[in-house]
Enquirer: 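The structure's right below; bear with me while I get my questions together.
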Amino acid sequence: MGQPEPLTPLAEDWQRALAVVAHPDDLEFGAAAAVARWTGQGKQLVYCLLTSGEAGIDGMPPERSRVLREEEQRASAAVVGVDTVEFLGLPDGLLEYGVALRREIAAVVRRHRPDIVLTNNFRAPGTGRTR
C-alpha cells in the first residue's frame, strides 16, 4: 500500500455550516481549530449532537452525566465561536444507522439550511477499517 492521496482543501466560499456528530466532544477531536478559523471569518456554525453522551462517564449516573456533558459541550462551542448547540437526545450507546436516524438529521438540515455539513469519520481513509 503506497502513500495516501493528499487531501483536497475545503473551499471557504460558504457562510453557514451545520456540524453533526454523535457525542459531546466529538468535534473537539479534529475540528475545533477549523471551526475557530471559520467563526473568526464571520461564518455561522451550528452544532447538532445526536446524543448527550450520558453513557460516557463511568461511575456517574446517566442523568447527571447528561447535564455535565451538555454544559461542557456548550462551553467548548462558545470558546470557538459557536452560539447554537442542539442536542437531539437520542440514547447514547444505542444509535443505529437507518431511516429513523436519517430522518432526525434531515430535519435539522432543513431547519438550519446550511451551505455545508461537517461531520467526522473515524475510519482510516479508503480502507473501511477503524484506526
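In what follows, every heavy atom counts, from backbone to side chain, and hydrogens, waters and symmetry copies are set aside.
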Enquirer: Can you name the closest pair of heavy atoms from V85 and A77 and give their distance?
Expert: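 In this case the closest contact between V85 and A77 is CG2-CB, 3.5 Å.
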
Enquirer: Check for me, please, whether V46 and V109 land in the same ILVMFWY cluster - side-chain distances under 4.5 Å, paths through other members count.
Expert: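 V46 and V109: one cluster.
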
Enquirer: If you look at every heavy atom in S65 and G53, which pair is closest and at what distance?
Expert: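 Result for this residue pair: OG-O, 3.6 Å.
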
Enquirer: Any idea which heavy atoms bring W38 and E12 closest together, and the distance?
Expert: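 What the structure gives for the nearest pair is NE1-OE2, 2.8 Å.
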
Enquirer: Between C48 and L18, what is the shortest heavy-atom contact and its length?
Expert: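 Residues C48 and L18, closest heavy atoms: CB-CD1, 4.0 Å.
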
Enquirer: Would you sort out whether I105 and L50 count as a side-chain contact (heavy atoms from CB on, under 4.5 Å), showing the intermediate values?
Expert: CA-CA 8 Å; I105 295 169; L50 303 178; 3.9 Å; yes

Enquirer: For E96, is the CD atom crowded, meaning more than 12 foreign heavy atoms sit under 6.0 Å from it?
Expert: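 For E96, atom CD is not crowded (no more than 12 foreign heavy atoms under 6.0 Å).
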
Enquirer: How far apart are the closest heavy atoms of R102 and Y97, and which atoms are they?
Expert: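 Nearest heavy atoms, R102 then Y97: NH1-OH, 3.3 Å.
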
Enquirer: Let me check something: do L10 and V80 share a hydrophobic cluster, defined by ILVMFWY side-chain heavy atoms less than 4.5 Å apart, either directly or through other members?
Expert: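 Yes; tracing contacts between hydrophobic side chains, which count when under 4.5 Å, links both residues.
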
Enquirer: In Å and rounded to the nearest 0.5 Å, what is the CZ to CZ distance from F87 to R66?
Expert: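 The CZ atom of R66 is 10.0 Å from CZ of F87, to the nearest 0.5 Å.
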
Enquirer: Between atom CG of L95 and atom CG of L88, what is the distance when rounded to the nearest 0.5 Å?
Expert: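 Rounded to the nearest 0.5 Å, the CG-CG separation comes to 9.5 Å.
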
Enquirer: Checking side-chain contact (heavy atoms from CB on, under 4.5 Å) against Y47, which of L118, V35, V21, D26 comes through?
Expert: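 Answer after filtering L118, V35, V21, D26: V35.
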
Enquirer: How close do E104 and L90 get, heavy atom to heavy atom, and via which atoms?
Expert: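 So the two residues come closest at OE2-CD2, 4.2 Å.
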
Enquirer: Considering only heavy atoms from C-beta outward, does the side chain of T51 approach that of P91 to under 4.5 Å?
Expert: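 Answer no - side chains too far apart.
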
Enquirer: Is there side-chain contact between H112 and R16, with at least one heavy-atom pair below 4.5 Å?
Expert: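 SC-SC contact between H112 and R16 ruled out.
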
Enquirer: Without swapping roles, check the side chain of D92 against the backbone of A55 for a donor-acceptor pair under 3.5 Å.
Expert: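 At least one qualifying donor-acceptor pair exists.
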
Enquirer: Give, for atom CG of L45 and atom CD1 of I116, the distance between the pair rounded to the nearest 0.5 Å.
Expert: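 Taking CG in L45 and CD1 in I116, the distance rounds to 7.0 Å.
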
Enquirer: Name the one of E70, Q73, H23, R69 that satisfies side-chain hydrogen bond (donor to acceptor under 3.5 Å, both in side chains) with S52?
Expert: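 Of all the options given, the one that passes is E70.
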
Enquirer: Say you draw a straight line from CZ of R74 to CG of L49; how long is it, rounded to the nearest 0.5 Å?
Expert: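 R74 CZ to L49 CG: 9.5 Å, rounded to 0.5 Å.
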
Enquirer: With rounding to the nearest 0.5 Å, note down the distance linking CD in Q15 to CD in Q41.
Expert: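 One finds 9.0 Å between CD of Q15 and CD of Q41.
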
